[in-house]
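Here is the naming used below: chain letters follow the sequence lines, and residue numbers restart at 1 for every chain. It should be emphasised that the depicted structure is a prediction, and the values quoted were computed from it without experimental measurement.
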Number of protein chains: 2
Amino acid sequence: MVAPTRARQARSIETRARLLAAARAVIAEAGIEGAAVDAIAERAGRTSGSLYGQFGSKAGLVVALLDESLDVVAERMLVDIEAATDLDGRLAALWRNFVAPPPTAQDWLRVEHEVWLWATRPGNDEVRARLAERYRARFAALGEALAGWAAEGLIDPAAPVDRLAALVVSTLLGLEMADRLEPGGMDEPTVVAALAALLGRR
Amino acid sequence: MVAPTRARQARSIETRARLLAAARAVIAEAGIEGAAVDAIAERAGRTSGSLYGQFGSKAGLVVALLDESLDVVAERMLVDIEAATDLDGRLAALWRNFVAPPPTAQDWLRVEHEVWLWATRPGNDEVRARLAERYRARFAALGEALAGWAAEGLIDPAAPVDRLAALVVSTLLGLEMADRLEPGGMDEPTVVAALAALLGRR
DNA sequence: GTCTATAGATTGATAGAC
DNA sequence: GTCTATCAATCTATAGAC
């Protein structure tokens with residue numbers, strides 16, 4: 001029989017997706033250590049048993065979440081960057097897409113922040129290595145886009161472009177925290193000006 | 001009798017200091033949720049009972065740690081800034097003092113990062129408000145120093161100085177994470193150049 | 001103010017049925 | 001692959017002696 005197997009597979013895939021989405025939401029609220037596996041499973045409409053079947057452990061779930069989150073955030077950044085026409089528009093889009101809208105609960109950047117801090121704790125060395133590796137790849141891609149900006153004559157970077165990309169992402173994470181500490185405390189013009197200065201606006 | 005009371009007070013003060021130092025170390029290693037009160041008390045050479053006697057709860061301890069940490073970090077920043085003679089020297093000192101030396105375990109900035117993330121979680125609103133208030137005061141002080149730089153003609157800031165201070169501290173926190181993810185990945189010249197660009201070097 | 005002892009709740013993870 | 005049931009470990013916090 002093939003059909004029942006297919007149906008099983010489909011349900012398994014959906015379970016995985018639901019657990020990842022639930023983990024993102026719960027971790028954004030409570031942090032990684034504060035997110036109980038039962039709470040995650042319950043929000044996903046499953047039980048903790050299925051979580052262990054899918055990911056083996058809580059750490060395994062977090063790593064899977066890390067992989068997914070990194071891809072999504074990186075792709076969104078690139079889309080934002082290429083959609084806008086001028087430098088200010090591009091930088092504003094970058095900022096707005098990740099920090100501004102708390103109603104739709106854009107938990108992506110927040111979760112990335114939690115995972116980053118978690119991965120850099122002593123003892124999580126394998127995870128940190130994996131995360132560092134993935135970030136290198138992301139910085140390279142973002143660096144290419146920035147090289148394009150430089151070719152267009154929009155910016156005049158002082159540092160190598162891939163290092164510049166690391167600088168931009170780090171700054172965004174820091175600014176995201178400042179904005180969360182005091183919502184609205186970081187207004188868009190200030191952020192855009194800061195990023196433009198970092199990139200060496202022409 | 002007065003002497004025994006004095007001795008009691010002295011021991012109480014020492015207990016408080018030891019618990020705070022132990023909390024800093026354990027939280028830097030394991031995060032806030034991952035730091036067990038027994039582990040903190042044990043490292044301080046006390047028991048969890050004394051912790052509750054001093055701080056009432058684990059959250060109370062973290063808040064006390066937050067207050068102390070904020071003061072120390074802020075004062076160090078100002079000292080660094082005023083010790084150096086030129087702009088690059090000042091910015092390099094800022095960076096070096098907090099991120100570079102992991103042997104002596106400068107856990108301050110790391111703990112501040114953990115606390116910041118913790119305080120901005122939903123449900124910790126009172127703590128977040130307190131932290132935001134304290135940061136406002138710190139940013140004002142750091143802003144004054146930056147205003148001095150501007151008066152000296154070292155920088156030409158695009159944003160108001162207190163907002164600029166928030167920008168600098170946020171960026172430092174972001175860069176600290178990048179450096180921790182890949183130690184040495186953020187070299188000092190790049191960081192100094194980034195901060196100088198942010199401040200509007202003349 | 002600090003200790004010992006312990007309560008009471010919650011945690012991550014496993015075993016076995018289906 | 002998912003569920004039910006459950007274990008052992010760990011956690012925060014409290015009570016009472018000193």
Side-chain angles (χ1 to χ4, degrees), chain A residues 1-23 26-27 29-66 114-115 118 121 123-124 126-127, chain B residues 1-23 26-27 29-65 114-115 118 121 123-124 127:
Chain A
M1 274 191 180
V2 178
T5 303
R6 287 258 168 89
R8 274 205 169 205
Q9 279 186 359
R11 175 162 167 93
S12 173
I13 289 173
E14 197 204 332
T15 295
R16 190 185 162 88
R18 293 175 72 116
L19 285 172
L20 282 171
V26 175
I27 287 176
E29 276 178 18
I32 292 179
E33 284 89 353
V37 289
D38 281 337
I40 294 172
E42 191 186 13
R43 184 175 305 213
R46 296 287 189 278
T47 63
S48 66
S50 87
L51 190 155
Y52 282 93
Q54 289 276 354
F55 301 102
S57 70
K58 182 180 173 181
L61 167 62
V62 175
V63 170
L65 186 64
L66 172 166
E114 298 272 2
V115 169
W118 174 73
R121 301 231 178 90
N124 281 13
E126 348 76 56
V127 181
Chain B
M1 274 192 183
V2 178
T5 303
R6 287 258 168 88
R8 274 206 171 206
Q9 278 186 359
R11 174 161 167 97
S12 173
I13 289 173
E14 197 204 331
T15 295
R16 188 184 164 88
R18 293 175 71 116
L19 285 171
L20 282 172
V26 176
I27 287 176
E29 276 177 17
I32 292 178
E33 285 89 352
V37 287
D38 281 338
I40 294 172
E42 191 185 13
R43 185 177 303 213
R46 296 289 188 276
T47 64
S48 66
S50 87
L51 190 154
Y52 283 94
Q54 290 274 356
F55 301 103
S57 68
K58 181 181 173 180
L61 167 63
V62 174
V63 169
L65 187 63
E114 298 271 3
V115 169
W118 175 72
R121 302 232 176 90
N124 283 13
V127 181

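When the nucleotides D/dT12, C/dG12, D/dC3 are ranked by their closest atom to the side chain of A/Thr47, D/dC3 comes out on top. With distances taken from any side-chain atom of A/Lys58 to the nucleotides C/dC3, D/dT2, C/dG12, the minimum falls on C/dG12. Listed nucleotides D/dT2, C/dG12, D/dC11 differ in distance to A/Ala36; the shortest reach to its side chain belongs to C/dG12. Minimum atom distance to the side chain of A/Arg46 is reached by D/dC3, of the listed C/dC3, D/dT12, D/dC3.
Heavy atoms of A/Asp38 sit nowhere under 4.0 angstrom from any nucleic acid atom. Among the protein residues, A/Ala35 comes within range of the sugar-phosphate backbone only, with heavy atoms under 4.0 Å from sugar or phosphate atoms but none that close to a base. Residue-level contact check: A/Ser12 touches the backbone only, with heavy atoms under 4.0 Å from sugar-phosphate atoms and none from bases.
Residue A/Ser50 has a polar side-chain atom (N or O) positioned under 4.0 Å from OP1 or OP2 of D/dC3. Between A/Thr15 and the phosphate of D/dT2, there is a side-chain N or O to OP1/OP2 separation shorter than 4.0 Å. A close approach under 4.0 Å does occur between a side-chain nitrogen or oxygen of B/Gln54 and OP1 or OP2 of C/dT2. Taking 4.0 angstrom as the limit, B/Ser57 places none of its side-chain polar atoms (N or O) nearer than this to OP1 or OP2 of D/dT12.
Taking atom CG of residue B/Leu61 and atom C1' of nucleotide C/dT2, one finds them 16 Å apart after rounding to whole Å. Following rounding to the nearest Å, B/Tyr52 (OH) and C/dA5 (P) show an atom-to-atom distance of 18 Å.
In terms of heavy atoms, A/Leu19 sits closest to A/Ile40 at O-CG2, 3.9 Å. Closest approach of A/Lys58 and A/Tyr52 over heavy atoms only: N-CE2, 4.3 Å.
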